[in-house]
Student: 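Below you will find the structure I want to go over with you.
As the structure lists them, so they are numbered: ligands from 1, and atoms in each ligand from 1. Please read these numbers as outputs of a predicted model, since none were measured by experiment.
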Amino acid sequence: YPTMAEFYAGKTVAITGGTGFLGQGITEKLLRTCPDISKIILFIRTKRNTDPKERLKQLAMKPAFDILRQSQPNFHEKLSFVSCDLEADDLGLSSDDRRTLRNEVNIFIHSAATLKFNEHLRISYEMNVLCVRRLLKLKWNNLQAFVHVSTAYAHVDRKYMKEEFYDCGIDYLDLEATLKWLGDDAIEKLTPDLLKTRPNTYTLTKALAEDVICRESGNLPTCIVRPSMIIPAWQEPMPGWCTNVYGPTAFIIAYGKGLLRCCLADREINADLIPVDFVVNGVIGAAMKTASEFIHRRRSSGYNKIMSSETARKSTNIQIYHINSSTTNPLNIDKLSKYLVAYCQRVVYDYSVFALQTLPAHVMDTCLSLANQKRQFVKLNGKIQSGMEVMGFFFTTNFQWDRSNADRLLQAFQPGDRKMYNLDVRVFTWKDYFMTYISGAKKFILKEE
Ligand SMILES: CCCCCCCCCCCCCCCCCC(=O)SCCNC(=O)CCNC(=O)[C@H](O)C(C)(C)COP(=O)(O)OP(=O)(O)OC[C@H]1O[C@@H](n2cnc3c(N)ncnc32)[C@H](O)[C@@H]1OP(=O)(O)O
Ligand SMILES: NC(=O)C1=CN([C@@H]2O[C@H](COP(=O)(O)OP(=O)(O)OC[C@H]3O[C@@H](n4cnc5c(N)ncnc54)[C@H](OP(=O)(O)O)[C@@H]3O)[C@@H](O)[C@H]2O)C=CC1
């Protein structure tokens, strides 16, 4: 395999979700460490009345690029965009942009998704599953790697996950047909039956998307990266860098602000959290390995007809990489329990929340009202609790992952690249990392020094 910088020299990379947490990290690292990369095309939608052109300008000003800006002030010249709406039939792409993508893109990274756990199944399906089907059909002429970002929690109906495809229990083609004629209310009623033992629509649709990749990617050089819970950066682009409050971040902030006293969690389980820099390295490296093997095989790429799920799973050679921490550097929740009261019993948790959070929130709001100020604590407490409700499943269930493929991926990197694109999480201790995590949440989310 070539070095990462050699491999990406002259390449055009396209990324969906480039405005998101992981996408910003990937874009920044590619530009900073692969100086001869030709171009990065970001799929950007219009959001809150801001068009993609303006959003790209705003993106280049974001903290993720602060370090890069110092060494390469003109880095934005390598960034371009296509205007999209990934939930639309035609992905919201113009015919000119389609042509550009078909003919120019060498590496495609699909990172966009809706991450809302309890999203309506129709929206979650359209964004997380149907969009993947449409992207695979773009008739890529020059593609060397199609990297699909999934999640290590896609198959939470199992307790042990290997880096392989699993039967989802639902055929997405049947589901798609059903969603076409059912109304939104009926879908909502049907959702618990479809989820079975899964906690939410997010994990179901991420699992179905993997089935799409398995059955429909044909000869396209495809791979899947499954990160566990992505948390602020360990080191890159800067320690503690983050953009959202997903996973435990909302709770860590609420704890720090004195708003969270109890947690629905089982002390015995390992929390699988992974700093974003390792995931960025995994995606960049997986693309390099997939493309290098594809170029070596010199097979033609193209979209094939859909295979049955079972045949596809048996015949596939698509590589899957678990980018996680608990397999080699576990973080036991018990270690956090001197800071938080963790309950795994629902009834005890409910009483504690009432006594330690809900009641004090009402008292505080009454005081605010008496002082003619805006009430806020009851609302904040409600948000924290709805966050805890959707997270409770993950905080109380233990999972294990095999990561042999991810280890092999690191071995495929040139020796000089193994540190710069490290995937081995044993290099940090959780105690030290949590100081970084907390200062990152203060700096990048709360905007406090
Ligand atoms: C110290 C604690 C330590 C505990 C132990 C740690 C144990 C760790 C165990 C491992 C965890 C593993 C988790 C694995 C998850 C799967 C991994 C993935 O693929 S990744 C998938 C990761 N996906 C996620 O993490 C998604 C989780 N979030 C959701 O599903 C939804 O946002 C929602 C249900 C919480 C609210 O929905 P809805 O009412 O429709 O409204 P919106 O969505 O529009 O947001 C409204 C407001 O809520 C805010 N907010 C966001 N998140 C949280 C939160 N967790 N809480 C509170 N608040 C939250 C949000 O910022 C916004 O604020 P504002 O702008 O209004 O001020
Ligand atoms: N965060 C985590 O803990 C984990 C994430 N993952 C996976 O990693 C990937 C990236 O997640 P992350 O970066 O954290 O998520 P973010 O929420 O930060 O980013 C999501 C990205 O998807 C884009 N997007 C969503 N809907 C659309 C749409 N209809 N059209 C165009 N773009 C859209 C968003 O664009 P916009 O800016 O316009 O909203 C944004 O760029 C996802 O596939 C997720 O499932 C896997 C495991 C854990």
Student: Would Thr114 count as a polar contact of ligand 2, with the cut-off being nitrogen or oxygen pairs under 3.5 Å?
Tutor: no
Student: If the cut-off is 4.0 Å to any non-hydrogen atom of Asn244, which atoms of ligand 2 fall inside it?
Tutor: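 Taking each heavy atom of Asn244 in turn, ligand 2 has 14 (O), 18 (O) under 4.0 Å.
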Student: Mind checking whether Tyr246 contacts ligand 2 via backbone (N, CA, C, O), side chain (CB onward), both or neither, at a 4.0 Å heavy-atom cut-off?
Tutor: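 It is the side chain that touches ligand 2; the backbone stays farther off.
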Student: Just verifying a value: how many Å separate Lys196 NZ and Leu204 CG, rounded to the nearest 0.5 Å?
Tutor: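 Between atom NZ of Lys196 and atom CG of Leu204 there are 9.0 Å.
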Student: Judged by non-hydrogen atoms, does Cys131 sit under 4.0 Å from ligand 2?
Tutor: no
Student: Please check if the distance between the ring centroids of Phe7 and Phe413 is under 6.0 Å.
Tutor: no
Student: If you count the atoms of ligand 2 from 1 in the order shown, which ones are under 4.0 Å from a heavy atom of Ser111?
Tutor: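 Atoms satisfying the 4.0 Å criterion: 9 (C), 10 (C), 42 (C), 43 (O).
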Student: Go through Phe428 and Trp430 one step at a time and tell me if the side chain to side chain contact (heavy atoms under 4.5 Å, CB included) criterion holds.
Tutor: CA-CA 7 Å; Phe428 66 82; Trp430 284 107; 3.8 Å; yes
Student: Assess the side chains of Ser95 and Arg99: does a donor N or O sit below 3.5 Å from an acceptor N or O?
Tutor: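 Ser95 vs Arg99: no donor-acceptor pair found between side chains.
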Student: What part of Arg226 sits under 4.0 Å from ligand 2 if we count only heavy atoms: the side chain, the backbone, both or neither?
Tutor: neither
Student: Using a 4.0 Å cutoff against the non-hydrogen atoms of Ala112, which atoms of ligand 2 qualify?
Tutor: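 Every atom of ligand 2 under 4.0 Å from some heavy atom of Ala112: 22 (O), 23 (C), 24 (N).
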Student: Ignoring angles and geometry beyond distance, decide whether Met229 reaches within less than 3.5 Å of ligand 2 through its nitrogen or oxygen atoms.
Tutor: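 No; every N/O pair is 3.5 Å or more apart.
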Student: Within 45° of the axis and under 6.0 Å from the centre of the six-membered ring of Tyr172, does NZ or CZ of Arg215 qualify?
Tutor: yes
Student: Going through the distances and angles, do Ile284 and Met4 end up as a side chain to side chain contact (heavy atoms under 4.5 Å, CB included)?
Tutor: CA-CA 8 Å; Ile284 293 176; Met4 223 63 88; 4.0 Å; yes
Student: Would Thr243 count as a polar contact of ligand 2, with the cut-off being nitrogen or oxygen pairs under 3.5 Å?
Tutor: no
Student: Give the atoms of ligand 2, by number and element, whose distance to some non-hydrogen atom of Gly20 is under 4.0 Å.
Tutor: 13 (O), 18 (O), 19 (O), 40 (C), 41 (O)
Student: For ligand 2, is there an N or O atom under 3.5 Å from any N or O atom of Leu86?
Tutor: yes
Student: Side chains of Ser325 and Asp272: donor-acceptor distance under 3.5 Å anywhere?
Tutor: yes
Student: Using distance alone, determine whether Thr151 and ligand 2 share an N or O pair under 3.5 Å.
Tutor: no
Student: Please list, in number order, the atoms of ligand 2 under 4.0 Å from a heavy atom of Ala113.
Tutor: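 It comes down to these atoms of ligand 2: 20 (C), 22 (O), 25 (C), 42 (C), 43 (O), 45 (O).
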Student: Can you check whether Met127 has an N/O within less than 3.5 Å of an N/O in ligand 2?
Tutor: no
Student: Would you kindly specify which portion of Tyr153 sits under 4.0 Å from ligand 2, judged on non-hydrogen atoms: side chain, backbone, both or neither?
Tutor: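 No part of Tyr153 is near ligand 2 at this cut-off.
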Student: Working to the nearest 0.5 angstrom, can you tell me the gap between Tyr321 OH and Ile224 CD1?
Tutor: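 Here the interatomic distance stands at 11.0 Å.
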Student: Under 4.0 Å from any heavy atom of Ile230, which atoms of ligand 2 are there?
Tutor: 1 (N), 2 (C), 3 (O), 4 (C), 5 (C), 48 (C)
Student: May I ask you to list the atoms of ligand 2 that are less than 4.0 angstrom from any heavy atom of Asp85?
Tutor: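 What qualifies from ligand 2 is 29 (N).
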Student: Set out, in order, the CA-CA distance, both residues' side-chain angles and the distance that settles side chain to side chain contact (heavy atoms under 4.5 Å, CB included) for Arg45 and Leu86, then state yes or no.
Tutor: CA-CA 8 Å; Arg45 62 174 163 175; Leu86 298 177; over 6 Å; no
Student: Inspect the surroundings of CD in Gln411 and state if more than 12 heavy atoms from other residues, nucleotides or ligands are less than 6.0 Å away.
Tutor: yes
Student: Any side-chain donor-acceptor pair under 3.5 Å between Asn324 and Ser228?
Tutor: no
Student: Where does Leu22 meet ligand 2, judged by heavy-atom distances below 4.0 Å: at the side chain, the backbone, both, or neither?
Tutor: both
Student: Which ligand 2 atoms, with their elements, are less than 4.0 angstrom from a heavy-atom of Val149?
Tutor: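 In order of number, 7 (C), 8 (O), 9 (C), 43 (O).
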Student: Mind running side chain to side chain contact (heavy atoms under 4.5 Å, CB included) on Tyr153 and Lys206 for me, showing each step along the way?
Tutor: CA-CA 9 Å; Tyr153 290 89; Lys206 292 297 275 189; over 6 Å; no
Student: Does ligand 2 have an atom that lies less than 4.0 angstrom from a heavy atom of His110?
Tutor: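 No.
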Student: Using heavy-atom distances, let me know which of Ser83, Pro227, Ser228 sits nearest atom 48 (C) of ligand 2.
Tutor: Ser228
Student: Gln319 versus Arg408: any side-chain heavy-atom pair under 4.5 Å?
Tutor: no
